[in-house]
Structures are given as C-alpha cells and as structure tokens.
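Dumping the structure here so I can ask a few things about it.
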Amino acid sequence: MSTLHIFSKPISYYDNARIANLIQSDDKVLLVSDACFSIALYRQLAAKLLVLTEDASARNVIISQPDEGLDYTDFVALTLSTTQSITW
Amino acid sequence: MSTLHIFSKPISYYDNARIANLIQSDDKVLLVSDACFSIALYRQLAAKLLVLTEDASARNVIISQPDEGLDYTDFVALTLSTTQSITW
Amino acid sequence: MARFVLSLHSAPSDHDTTQRLYKFATACLQQGHSIDAIFLYQQGVYHASESINLATDELAINSLWQELHQHGINLILCVTAAEKRGLNIATPNVFTVAGLAEFAMLASEADKWVQFK
Amino acid sequence: MARFVLSLHSAPSDHDTTQRLYKFATACLQQGHSIDAIFLYQQGVYHASESINLATDELAINSLWQELHQHGINLILCVTAAEKRGLNIATPNVFTVAGLAEFAMLASEADKWVQFK
Amino acid sequence: MINVLVLSQHSPFDDLHIRDALDMTLIFAAIEQNISWLFTGPAVLALKKQQKPESLGLKNYFKSIKTLEIYDVENIYVCEKSLIDYNLDINDLLIDAKALDFKAQSKLIAQQQQVINL
Amino acid sequence: MINVLVLSQHSPFDDLHIRDALDMTLIFAAIEQNISWLFTGPAVLALKKQQKPESLGLKNYFKSIKTLEIYDVENIYVCEKSLIDYNLDINDLLIDAKALDFKAQSKLIAQQQQVINL
C-alpha cells in the first residue's frame, strides 16, 4: 500500500507544505521534466527521490546518491509496484 | 511613477514572497476574479487593496475598510493614473 | 484621451477572463479612449477557433467578440503563436491574422498595454 | 501483464509532456502490457485539432499519435471537454470521439490510470 | 466496483478545472463505482455558499454541485487546513462535506485504486 | 523609442512560455524599441548552460537565446535571489546577464513604459 507521487515542475509551482503532509514514508516521489532541475528542493518531500534519467540529463542535471535515476521501463514498473499514482 | 499590480488568483498561486519584494509603497494592488476570495491573505502585499467590486460580490465577498471597491470605469482610470501595469 | 492595446493570454475555457477583457474594453470606449488592438497570444489564440459554440447558459463568447469587432476594434490573431498551437488560421472570422511585428508596432505607439490572463 | 489507461491534460504546445506520454506508452507495450485507451481531457483535447503542423526541428506530434494509433491503441477525444473548448470534433483523424462514460468504464476495468500533464 | 478519488486543487473560476472534476465525479457515480471527491487548497472555495457567477455572465455551476446529493454522491471531503486558510466553516458550504485532517486524507488516498487530479 | 520589459517566471519547458517571451523580445529589438528581458523564479533555469532538449526530441531553443547577442539585445537581467534558489552562478549562464537584487529589479520596472509578463 503505497502511492507514487509524480512532479513535473520546480517545487515552487506547488503548494509544497500542504502536499508534504500527504506523502507517507513508504510512498515514492518521482521527478520528471522541469522538476528535475531542483532535486535538492524536493528533499523535503522524501529522503530518496526517483528521477527520470533522460529528463535530468537533457537539463544538464546529475543524479547522485541517495537519489536514483530511472528509465521508462523502470517508470512503468514503478506504477505497477505502487497502489496508485497522483500526478500533481 | 507607480506600478499597478493585477492579481486574478488566490495568493497561493504566486511566488508571493518574491513578488512582495517588487511592490513599492506607492504602487497599487488590484484584485480581480478568484483573487477576491482571499483579500486578507493579500494584505502582505499592500496596506490598502483595490478590489473589482462585481467580481467580489459574485463570489459573496464583502469589501471593507481600508480596502476599496472599484468598477470598470475606475479600473480603466487606474491604468491611466499608474505608469505601467503588471498582470501577474 | 488615451490609446490602449489589450492582450488575451488564456484559452476560451477561461470564461471569467474573457468577460473581464470585454468589460474593460467596453469601459475604455465609453470613456472616449481608443483601443488600437486586442491581441490573442499564448493560449488566447484558441479564441479564433471557428467552432466555439457554447450552451445558452454559458458565456456567449462569440457574441462578445462580434460586438468588439463591430465597435471597430482591430482583433489580431498572432500567426506565430497560432501555428505553434495547431490552430487553423484559414478562417479566423472576426479576427485578423498578423505577425508579432505588427502588434509590437501598435503596442509601441499605444499609451497603455493591459494584459488579461 | 497489466492493463493501463493513460490521460493527457495539457495542450499540444506542451511538447515535453507529449513526448513523455508517448515514451511511457511505448515502454508499456514493449513490456507486454496493454493500453486500453489514451484519453484527451482538459486542454489535452487540442491535440485532436487537424492543423497541428510544426516545423521540422520541433517535436513531430502528429507522427507520435499516428504511431500509437498503428499500435492499435484506442485514442479517445472527450466530446464534452472538446465542445466546451471550441474544438471542431467533425474531423478528429486518428482519434475516436467518445463520451466521459465510455472512458470511465474503460478506466474502471484497467489496473492502472496514469495522468500526464 | 473500484474506489476512485477525484482531487481538486484549483480555485473556482480557474479555467474549467472544478467543472471538469464535477463531470468526472458524476460519471463515475453514474456507472456505479465508489467515487469520492476531495477539495483541497483554493478548491474548497468552490463549495462556498451564495456565489452568483451569473451576475458576471458566467454559468452558475454551483447548482450542479448541489445535485451531487440527488445522485447519491456522498463521499465529499474537504481539507480541514484549507478551510481555515480561506476562513470557511463546514457550515458555510453548500453541500454536506466531511472535513479531513492530513492523516485522514492520506488514509483516504491509500484506500483508492485510482486518484485523478483535475 | 519606448522602454519595454519582458518578464519571465516560468520554468524552461513549461508549455511555450519562455519561447513566447523570446519571440516578443526579438521583435521589439527588431523594431528598435528599448527592450529588456528579466528572468525571475524558475525562469532563470532557461539560461542554464549545456542543456540538450534535442535528446528528448524537443527543439533546442537555447541556441536562439544565444542569438540575442547577435541582435544586440543587451539588457538581459536575472533575479539574484532566484539564481541562489536554483544553485546557479552568473558564470553558469549561456549569455551575459546582469544579476539584480530586488531593489534594482523594482527600479528597472519603474523605468518602463510597458511590462509584459509572459
């Protein structure tokens, strides 16, 4: 029972304080598109962030520990290993 | 030399801390559309807020002192009495 | 008396912004000001779609544009923004298709530019 | 093997979301999953506009939809959302015009619904 | 029957967000799925009483929100914190809705097969 | 000749916001008005070096931003605070831009006849 939370914009686009309250410790947070620019600012939402690798590299962003880069195969698998997804 | 700042959404839509730094003491702040719902939350941007009266009343919002209700004639006049406008 | 240009940046589904632009334009004219152009830019270009046809309890968007057109206001569809958004610019009814340069020149001569979004 | 439905909520001018939806859909199929429908909702309905024709250095949006269509994926344009947004639904090319009810039924039977915006 | 949650976060006249969410909620009710609708952030303002958008020439969709009760859509939830932010009380709302704290909202989300953010 | 300021606040691939602003800036330069362009909030990321959107199938519009110098558009400004927020230095940017604090940004705005927020 865990939720996949997908973000596609820098965190300033969201009401992050409110959303942070809806993310549980076993939930997954995936950053795609322009959300990749500000990985550090997303740390408040999860200890480990999942990042779509090709979106990050197109933006000249390096993914480092404890975060993890995913390809599309991983992205599909992630939607199946979580109970439901929310695209914020 | 003053700027008219126009807002049409509740303040949570904006990066208000950043925008607050760009509003000068003699600038005007006008709330239209859904910005009217949260007049109190806009107080951080200006001591006196201008509010489009018909937008506020359609939303069952009462405009009270020190704020001021405007009609469209006032709105047009306001764009002329300020140097430039920014629709945020 | 002042010269205005107005620009609309949101799609026709944003009824509230559309009615506000209309009322502002009408108030300008009533006070004797002139509106040199209303410019459709960004998602605003979808207002030039030929098929906007809403139910009777919805905002009568087509009539509002028709009325502004009858007041002699130059309603300009930005061709660059329209093409980027897949809009068929062959039949823009009350709108005139023009480039950004034309609008920028009008805007440079106007006293005030007010954006609606 | 799982059954997916996907929905697209942003306009064709959001190229980045469009290519992500396409790549996700392709990856689903490659892993042997099925996609029961891709649904155009909200601003996503403008993808069914017949005139999307971008420059050669832009994302080839039409080709992406064509390819998904050739994979046999049911590409559904929400008629309610389209009409509200002034889209001409007479000629939706690779898209099928359908109501919300049809989509909701497909969504209820699917294992996963992933939104793209 | 599956559990579907529609999530609304936009203000009442921000494009057609709330109306799209209303359509989606009513359709899932019509095909007899277990539909819930959660209003959070400025979306709670869509449940504020005595709004008259027709005075602006806009459709009064609040009347349609009231029909949710007729269609037996009973699972209407509002974010407790957002009510406070917008100075609203549960009695200021035009339909019966349950105010949920963040913990209860998380629990609601966890119970769903699908969450649709409109 | 009038002073026109284009204001960008959106992230690089949020719809076509930055590209619309680029078009507007280039046109005002072409008709010889005194154009300035201010990047603030996530828009500062549009000036970040070595991005390769073509790897995603997207147009590399950063190349067009670099042509601003060819067209003598010299008044490119970035919000100093936003650079810090996104961990960027003025030397990480693909064109010469002046970092402004809020006071200097307010002064810039006050000097304009028109400010266009795209």
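Values in this document were obtained by computation on a predicted structure and should not be read as measured data. Lettering of chains follows the sequences in order, A, B, ..., and the numbering in each one begins at 1. Hydrogens, waters and symmetry mates play no part in the numbers below; they use all other heavy atoms, side chains included.
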*Taking the six-membered ring where the residue is Trp, are the ring centres of D/Trp65 and D/Phe95 under 6.0 Å apart?*
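Yes, the ring centres sit under 6.0 Å apart.
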*Going by atom types alone, do D/His47 and D/Ser49 pair a side-chain donor with an acceptor below 3.5 Å?*
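The answer is no; no qualifying pair exists.
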*Distance (rounded to the nearest 0.5 Å) between D/Cys78 SG and D/Leu40 CG*: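 Answer rounded to 0.5 Å: 9.0 Å.
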_Which atoms of A/Gln84 approach chain D - backbone, side chain, both or neither, heavy atom under 4.5 Å_ =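 A/Gln84 touches chain D through backbone heavy atoms alone.
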_Which portion of A/Asp71 sits near chain D, non-hydrogen atoms under 4.5 angstrom_ =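 Neither the backbone nor the side chain of A/Asp71 comes within 4.5 Å of chain D.
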_If I measure from the heavy atoms of chain A, does D/Lys112 come under 4.5 Å with its side chain, its backbone, both, or neither?_
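Side chain only.
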*asked:* At a heavy-atom distance under 4.5 Å, which candidate from A/Ile6, A/Thr87, A/Leu52, A/Val32 has the highest pair count against chain D?
replied: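 The option with the most such pairs is A/Thr87.
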*Where on A/Ile86 is there a heavy atom nearer than 4.5 Å to chain D: the side chain, the backbone, both, or neither?*
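Interface part for A/Ile86: neither.
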*Answer with side chain, backbone, both or neither: which region of A/Thr79 has an atom nearer than 4.5 Å to a non-hydrogen atom of chain D?*
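Both parts, backbone and side chain.
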*D/His33 portion near chain A, given a 4.5 angstrom heavy-atom threshold*: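 Contact with chain A involves the side chain of D/His33 alone.
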_Check for me whether the distance between the ring centres of A/Tyr72 and D/Phe24 falls short of 6.0 Å._
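Centroid separation for A/Tyr72 and D/Phe24: 6.0 Å or greater.
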*Please look at D/Gln115 and chain A and tell me whether the side chain, the backbone, both or neither of the residue comes under 4.5 angstrom of a heavy atom of that chain.*
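Backbone plus side chain of D/Gln115, per the 4.5 Å heavy-atom cut-off to chain A.
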_SB check A/Asp34 A/Arg59 (cutoff 4.0 Å)_ =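 A salt bridge links A/Asp34 with A/Arg59.
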*Can A/Ser2 and A/Asp26 be counted as having a side-chain donor-acceptor contact under 3.5 angstrom?*
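No, because no side-chain N or O of A/Ser2 sits under 3.5 Å from a partner of the opposite role on A/Asp26.
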